[in-house]
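Notes to accompany the following structure.
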2 protein chains.
Amino acid sequence: MNLSQLAKELNLSISSVSKALRDSHEISSATKKMVMAKAKELNYQVNPFASNLRKQKSKTIALVVPEVANDFFGPVISGMESVAQQKGYHVLIYLTHEDMQKEISIIKLLQNGRVDGIMMSLSAQTTNTGHLEELKEMPLVFFDRVADHIDVPKITTDDFNSGFMATDHLIKNGCKRIAFMCISQNLSICKKRMNGYLEALKKNKIERENSLIIPCIGDHEENKDSIRKLLKRKNRPDGIFASVEKLAIATYEICEELKLKIPQDVKVICFSNAQTVALLNPSLTTITQPAYEMGEKAATILFKLIENKRDPFLLENTILDSKLIARDSTKSKRKKNQNVL
Amino acid sequence: MNLSQLAKELNLSISSVSKALRDSHEISSATKKMVMAKAKELNYQVNPFASNLRKQKSKTIALVVPEVANDFFGPVISGMESVAQQKGYHVLIYLTHEDMQKEISIIKLLQNGRVDGIMMSLSAQTTNTGHLEELKEMPLVFFDRVADHIDVPKITTDDFNSGFMATDHLIKNGCKRIAFMCISQNLSICKKRMNGYLEALKKNKIERENSLIIPCIGDHEENKDSIRKLLKRKNRPDGIFASVEKLAIATYEICEELKLKIPQDVKVICFSNAQTVALLNPSLTTITQPAYEMGEKAATILFKLIENKRDPFLLENTILDSKLIARDSTKSKRKKNQNVL
DNA sequence: TTTATCTACTACATCGTTTTCGTGGATTTT
DNA sequence: AAAATCCACGAAAACGATGTAGTAGATAAA
């Protein structure tokens, strides 16, 4: 069922039917009613490709994320999809699986007009961003894992401050030697979190120790190996600041293996959005990011960008607050239970 | 940059260029090389809408899921996306948020040829399936939450058997009064899991008790209320079989609140794919579904269906095995640690 | 020599919408 | 009454790619 068949049924021209369906003022309201009724009756649906081709718009956006089996990206996607659904947009999803080559080929794919805009979070292995700089005309927003030097809207949490808070929290609970674990050397979030960590050390007059900064860029077993080595050292750390959930899980596993008690022997804090952290043994102190809101915000800004490309205030970065939720994995002997800061 | 501009640059006709790019035998290899080179040089990309319109194919599939902030659907999506990426397909994602009305409107949206096929998992609130029966011509596969009476390929795990195993496991560990909690009265997975539960009771000569079958179809707080009431009864259950992770979490929370010990006072088993279940306090016995494989399988079958609609063997249902992983939440006094069954 | 077959290309219709530019008739303005 | 404006609609040209149906020119078969 297309416009021309519908027009024939109605004894009208194609253009009149088209206009009637889009509620044009050129068509009398009587005719509009007839057309609408017939269209409903025959279940007419606009052909999206013809329409997209003609209008040079797709009402579709792309979401490019490293992975989705993850308690952070899940709610982010949910937030984005809600906004998109409400705005009548469609969402194409692409996973980079943390692989820069995949990221590059996905971005190439998106340069042919298939989408009106892109929301993305960088892969951990992305070391240069030439592929993104070529997207000059394409509305683009970054969320969470951003490329700082690319001049597009960015939605992040305050990673520096979160890193500072987390480290400071460990120190306040008695830690003297704190290890920092991160999944990438390239990601801005990692750098910022680390700078927050370093700043907290400095403020508390603790000397930086490079051997306590552990890159965990391998698979789960490799990361466990790094952590095992770390915790088997003679002067092992008494606090661990993991920047992603899976590293905290690995830490718990290694502590069990080495019969180290959390928090007595090692305290652990971690960025995480999992629902189960409060039920872990011991419950895990986390920095929790407003994931759903981040998704909503990113989508909202992208749509503004699509609809009104040159609005300069859009380029301001949006920084959302994370929460430190203290639980048992960082509890010191003297302190009682703590709550949300 | 489109075909006609490219043709002008090359002093060739549009059709020759088009054919050259698609490696047609009508074009000499010398010409093909020229065209390819020029296309690369000028960064020519096929306009997907023109192409889709002409070919009446979109190389795009839709994924319709209840939610994504979830340890099951995350890996499923990952599996699907991998297969799609490899096959050169695009994936549109739509969330129903467990809402039948949203599901209906999403399906309506997809009837205009935007996608070549649909993979879906029903919303928990979907009570009738008229909207899906209208999809007669559209390649469709169900995964996990299927509509049994619709004659399309279905990829599931063996829910009856899983329900049986879970219940039998509880009984073998000493439970006499086992509650069954499910998120929907409609979903086939719930019915099958419940039938497995009932069959295990029968086999072990335990009488069915309807007050132990608890529908948990509300939000988190409502579900917690139901569980609280359940566990406050004089003759409370000594075993709980939760069919989704969030119900197990709610159970843990209520047990803590009521000072009930797991597994001494109540044993808990649950369907879950979370990475953290082994670290919970106590570690949670789970039935774990092969989520990633399910996604891969569903996508693979959908592509076969798209490419070769009338292959009858495709209609056979695919049933994957789940694993029961025994942990501390179901441990009986006499038994030692148990392992994968 | 005539006819058939290839080869390597081109012209053009088509996919289904959207939108610009008309147009004939009615209504209003001068 | 002539001119201007409006109203409600239609014709046709895009949008860009694809594929059918040709067509010259060259080679092969009859």
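Sequence lines set the chain letters: A, B, ... in the order given, protein chains first and strands last, and positions in each chain run from 1.
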* Asked: Quick one: do the B:Glu134 and A:Asn43 side chains pair a donor with an acceptor below 3.5 Å?
  -> no

* Over 60° means perpendicular and under 30° means parallel, so classify the ring planes of A:Phe303 and A:Tyr89, tilted if in between. => tilted

* Asked: Starting at NZ of A:Lys57 and ending at C1' of C:dT19, how long is that distance when rounded to a whole Å?
  -> 14 Å

* So does B:Asn2 get a side-chain nitrogen or oxygen closer than 4.0 Å to the phosphate oxygens (OP1/OP2) of D:dG16? -> yes

* How is A:Gln45 classified with respect to the nucleic acid when contacts are heavy atoms under 4.0 Å: base, sugar-phosphate, or nothing? -> sugar-phosphate

* To do: Return the value, rounded to whole Å, for the distance between atom CG of A:Asp23 and atom C1' of C:dT19.
  => 16 Å

* Atom-pair distance (CD on A:Gln5; C1' on C:dT17), nearest Å -> 14 Å

* **Along DNA chain C (nearest heavy atom to each residue), the more 5'-positioned of B:Lys55 and A:Ile14** => B:Lys55

* Asked: CG of B:Asn47 versus P of D:dG16: gap in Å, rounded?
  -> 7 Å

* Asked: Counting side-chain heavy atoms from CB outward, which of C:dT10, D:dG19, D:dA12 is closest to B:Ser13?
  -> C:dT10

* Asked: Nearest of D:dG16, D:dG19, C:dC9 to any side-chain atom of B:Leu53?
  -> D:dG16

* **Separation of C:dT19 P from A:Leu21 CG (nearest whole Å)** => 13 Å

* Rounded to the nearest Å, what distance is computed from the CG atom of residue A:Leu3 to the P atom of nucleotide D:dC15? -> 19 Å

* Asked: Could you state the OH-C1' distance from B:Tyr44 to D:dA17, rounded to the nearest angstrom?
  -> 7 Å

* Checking only heavy atoms, does the side chain of A:Glu26 share a donor-acceptor pair with the base of D:dC9 at less than 3.5 Å? -> yes

* Are B:Ser16 and C:dT10 close enough that a side-chain N or O sits under 4.0 Å from OP1 or OP2? -> yes

* Hey, which sits more toward the 5' end of DNA chain D by its nearest nucleotide, B:Lys19 or B:Phe49? => B:Phe49

* Can you tell me if A:Ser15 and A:Ser18 form a side-chain donor-acceptor pair at under 3.5 Å? -> no

* Can you tell me if A:Ser105 and A:His131 form a side-chain donor-acceptor pair at under 3.5 Å? -> no

* Only one of B:Ile319, B:Asn317, B:Leu140 clears side-chain contact (heavy atoms from CB on, under 4.5 Å) with B:Lys154; which? -> B:Asn317

* Report yes if at least one side-chain N or O of A:Gln56 is closer than 4.0 Å to OP1 or OP2 of D:dA14; otherwise report no. => no

* Asked: Hey, does B:Thr31 reach any base, or is it just sugar-phosphate, or nothing, if we go heavy atoms under 4.0 Å?
  -> sugar-phosphate

* Asked: Any side-chain N or O of A:Ser28 less than 4.0 Å from the OP1 or OP2 oxygen of D:dC9?
  -> yes

* Checking only heavy atoms, does the side chain of B:Ser15 share a donor-acceptor pair with the base of C:dA11 at less than 3.5 Å? -> yes

* In plain terms, say whether A:Glu103 and A:Lys108 are close enough for a salt bridge, that is, a side-chain N and a carboxylate O under 4.0 Å apart. => no

* To do: Please report, rounded to the nearest Å, how far the P atom of D:dC15 is from the CE atom of B:Met1.
  => 14 Å

* Quick one: label A:Ser51 by what it contacts on the DNA or RNA (base, sugar-phosphate, nothing), any heavy atom closer than 4.0 Å. => sugar-phosphate

